[in-house]
Protein chains: 2
Amino acid sequence: MREKKLKEETELFFAYLRQNGLKKTNQKDLILEIFLNTEGHLSVEDLYALVKKRDKKIGIVTVFRTLKSLTACGIAREIALGDGLTRFEHSYHHPHHHHIVCAECHKVIEFVSPELERVQDEIVRNYHFRPLRHRLQIYGICADCREHRPVPEARGYDSEKVFARDALKMAMRMKTRAIEFYRSAAARNQDAAGRAILENIVKVQEKHLADLRSDLDDLMEKGKGLEGAPMFLHFDLRELEDMIPEASSLETGQALKLGPKAVLELAQKLAQKASDYFKNFADKFHETQGRRVFIRFAEEEIGNYQKVSARADEPQSASHPN
Amino acid sequence: MREKKLKEETELFFAYLRQNGLKKTNQKDLILEIFLNTEGHLSVEDLYALVKKRDKKIGIVTVFRTLKSLTACGIAREIALGDGLTRFEHSYHHPHHHHIVCAECHKVIEFVSPELERVQDEIVRNYHFRPLRHRLQIYGICADCREHRPVPEARGYDSEKVFARDALKMAMRMKTRAIEFYRSAAARNQDAAGRAILENIVKVQEKHLADLRSDLDDLMEKGKGLEGAPMFLHFDLRELEDMIPEASSLETGQALKLGPKAVLELAQKLAQKASDYFKNFADKFHETQGRRVFIRFAEEEIGNYQKVSARADEPQSASHPN
DNA sequence: ATGAGTGCAAATACTTTGCATGACT
DNA sequence: AGTCATGCAAAGTATTTGCACTCAT
């Protein structure tokens with residue numbers, strides 16, 4: 001897994017060198033290797049120190065020059081955390097994000113917030129700018145420092161995996177809410193045929209939720225230490241809640257009576273909404289594991305609806321199949 | 001006006017010097033004066049060039065040192081716009097804000113967005129950080145550059161005044177929406193006494209709107225060139241719209257019948273909501289003209305309600321007073 | 001008169017450039 | 001063989017510090 005990724009990035013670098021008539025050297029190889037195997041936010045000096053351990057006679061200028069190439073081909077990304085040093089972080093398959101820096105212990109939290117991006121986009125458009133890029137740094141005091149707890153040793157997480165973890169968690173939360181909605185709607189529905197479809201939807205959704213959970217378990221299994229990683233994808237629960245209504249909102253004073261057609265329409269609308277939402281989410285990110293989670297989820301939502309809809313078209317008797 | 005502000009800032013600087021056992025010199029005076037009279041985002045070199053015009057033998061070190069003092073006492077604020085230079089902008093009575101920078105012509109738009117701040121606050125809290133400060137820089141291409149229009153000469157606006165202008169505009173927009181709401185509610189209301197109160201509310205609100213407009217006119221009169229200044233306070237219309245409902249939402253299928261008591265309750269709720277919203281807004285800013293607009297508006301909302309409410313308590317016949 | 005302020009030059013910190021030598025294709 | 005890369009030293013940029021002299025309190 002890790003090896004595969006390293007290889008991909010190495011390939012990318014060599015391709016970049018080839019395309020620009022640049023030469024492959026041991027120094028570049030070593031600098032790339034050490035950069036890729038070190039998570040976190042390295043200054044040139046930091047990386048130089050690490051590189052020097054393996055090759056005493058390498059010069060810091062070469063580190064500067066190599067980092068410039070790595071930035072140009074998208075493997076590294078320059079960041080400024082406010083201490084006057086240019087720092088570098090992994091860029092390849094690592095989504096754009098922002099930083100919260102503890103002013104005391106200099107711990108750095110990385111996060112991405114689609115809501116924040118949305119608000120920014122609106123503002124930029126309002127001023128008739130075409131947005132190119134943006135940077136947000138937030139400085140604060142972390143809970144550990146505030147409570148005078150010992151500062152935990154800095155850990156670099158694989159943000160690719162953390163992002164995938166959070167994407168799965170987000171999908172699961174949406175699924176859980178949808179299940180609650182359909183279950184409650186089924187219980188309230190006075191129309192027997194409509195109720196049967198709602199119950200079928202609940203089953204399909206539960207299967208989907210179980211699949212998501214098993215994906216998450218696999219991921220956590222493979223990526224040891226992932227449990228400790230802070231949330232990377234900051235998702236706004238209110239957006240989810242807005243998307244899937246309370247089942248009680250279906251009732252308009254009278255008893256709920258949703259026939260098969262109404263139920264299918266409702267289910268299609270919700271599936272489409274969720275699918276669009278996740279597709280839109282995916283568009284915000286470049287090729288990453290988290291993005292793939294979103295795309296798959298969007299497709300599965302539509303697939304789930306089709307399953308339910310196909311089943312509803314079967315003869316009425318088919319309420320206990322197989 | 002301008003002189004008064006300059007004097008205030010000068011006083012503040014001298015007080016700072018006194019309190020720190022530092023000495024007043026011609027060089028410091030000159031640097032302060034030129035800084036205060038120059039809007040925009042000055043680098044040390046920029047300011048040095050301006051200062052040198054007036055005093056050939058001043059040294060750049062003195063500019064560095066004086067800017068440090070000005071920053072310490074809150075007259076100047078360091079900013080980084082991504083070009084590697086430390087730039088300085090006015091800080092005294094100038095609210096915290098963010099920057100949108102055109103990557104082509106380097107035009108800078110300053111803006112503040114309460115919604116953005118809210119989202120950020122939520123995120124920071126979510127990671128258990130106590131927020132200290134944050135910086136957001138957005139890079140993009142401005143409309144002028146995109147359409148290959150000549151770049152208008154850079155203009156420095158007095159952001160204190162621009163902020164006040166936008167605060168007034170925001171208040172007026174809210175007021176306009178409220179008037180629409182009450183007018184429409186009056187037209188729909190079948191209850192005569194309730195309608196009379198609604199009509200009175202409309203009158204009071206129209207008076208308030210006229211006052212706001214006259215404040216805005218005064219401001220624009222005094223601050224020539226303010227028309228051209230881009231919006232500084234970026235307010236989200238949806239928040240306003242959420243706050244004041246559509247009058248049609250009052251109807252629940254049947255004809256609208258709101259008695260005096262119901263109308264007063266409604267008016268009080270809305271006035272309180274608007275007042276709280278603006279108070280909360282004001283809390284986000286340090287002592288500025290814009291902040292005072294918010295506070296005054298918040299108080300006037302409550303005052304308006306009291307006027308309406310007192311009037312409603314008069315004998316019923318009092319529908320054509322004086 | 002005391003002590004901070006000033007302006008010069010020198011130092012510092014980070015980064016880039018020039019150049020002779022060495023390494024890749 | 002030719003060209004790019006490397007590592008050294010040197011230069012560059014933004015800012016700070018040391019110091020002798022000046023000026024404000």
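The chains referred to below are lettered A, B, ... by the order of the sequence lines, with proteins before strands, and numbering in each begins at 1. Predicted model only: the values in this text are computed from it and were never measured.
Between A/E11 and A/K7, no side-chain nitrogen of the basic residue sits less than 4.0 Å from a carboxylate oxygen of the acidic one, so the salt-bridge criterion is not met.
If A/G84 and B/T66 are placed on DNA chain C by their nearest nucleotide, the residue sitting closer to the 5' end is B/T66.
Two rings, from A/F281 and A/F294, have their centers less than 6.0 Å apart. Between B/F129 and A/Y139, the distance from one ring center to the other does not fall under 6.0 angstrom. In this structure, A/F285 has its ring center under 6.0 Å from that of A/F163.
Contact check, A/T86 against C/dC14: no side-chain N or O comes under 4.0 Å of OP1 or OP2. The side chain of A/Q27 contributes no N or O atom lying less than 4.0 Å from OP1 or OP2 of C/dA23.
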Between A/E104 and A/R146, is a salt bridge (Lys or Arg N to Asp or Glu O under 4.0 Å) present by the stated rule, with each step listed?
CA-CA 9 Å; A/E104 302 248 315; A/R146 260 197 336 273; over 6 Å; no

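Rounded to whole angstrom, the span from the CG atom of A/L85 across to the C1' atom of C/dT15 amounts to 11 Å. In this entry the distance linking NZ of A/K28 with P of D/dC4 reads 11 Å, nearest Å. With rounding to whole Å, B/K52 atom NZ is found 11 Å from C/dC8 atom C1'. Separating the CZ atom of A/F64 from the P atom of D/dG12 is a distance of 17 Å, rounded to the nearest angstrom.
Side-chain contact check for B/E39 and B/Y157: no donor-acceptor pair (N or O, by modelled atom type) lies under 3.5 Å.
Taking the ring axis of B/F14 as reference, the NZ or CZ atom of B/K24 stays within 45° of it and closer than 6.0 Å to the ring centre.
Among the heavy atoms of the strands lying under 4.0 Å from A/G21 are primed sugar atoms or P, OP1, OP2 only; no base atom is included.
Of the residues A/H134, A/R77, A/R133, the one that meets the side chain to side chain donor-acceptor pair (under 3.5 Å) test with A/H96 is A/H134.
For A/R65, the listed nucleotide lying nearest its side chain is C/dG18; candidates were D/dT16, D/dT15, C/dG18.
In the region residues 53-61 of chain A, proximity to DNA chain D at under 4.0 angstrom, judged on heavy atoms, holds for A/K57, A/I58, A/G59, A/V61.
Aromatic ring pairs are classed by plane angle as parallel below 30°, tilted from 30° to 60° and perpendicular above 60°; the pair B/H99 and B/H41 is perpendicular.
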Within the 4.0 Å limit for protein heavy atoms, which parts of nucleotides 20-25 of chain D are touched? Write it as a string from 5' to 3', B for base, S for sugar-phosphate only, - for none.
----BS

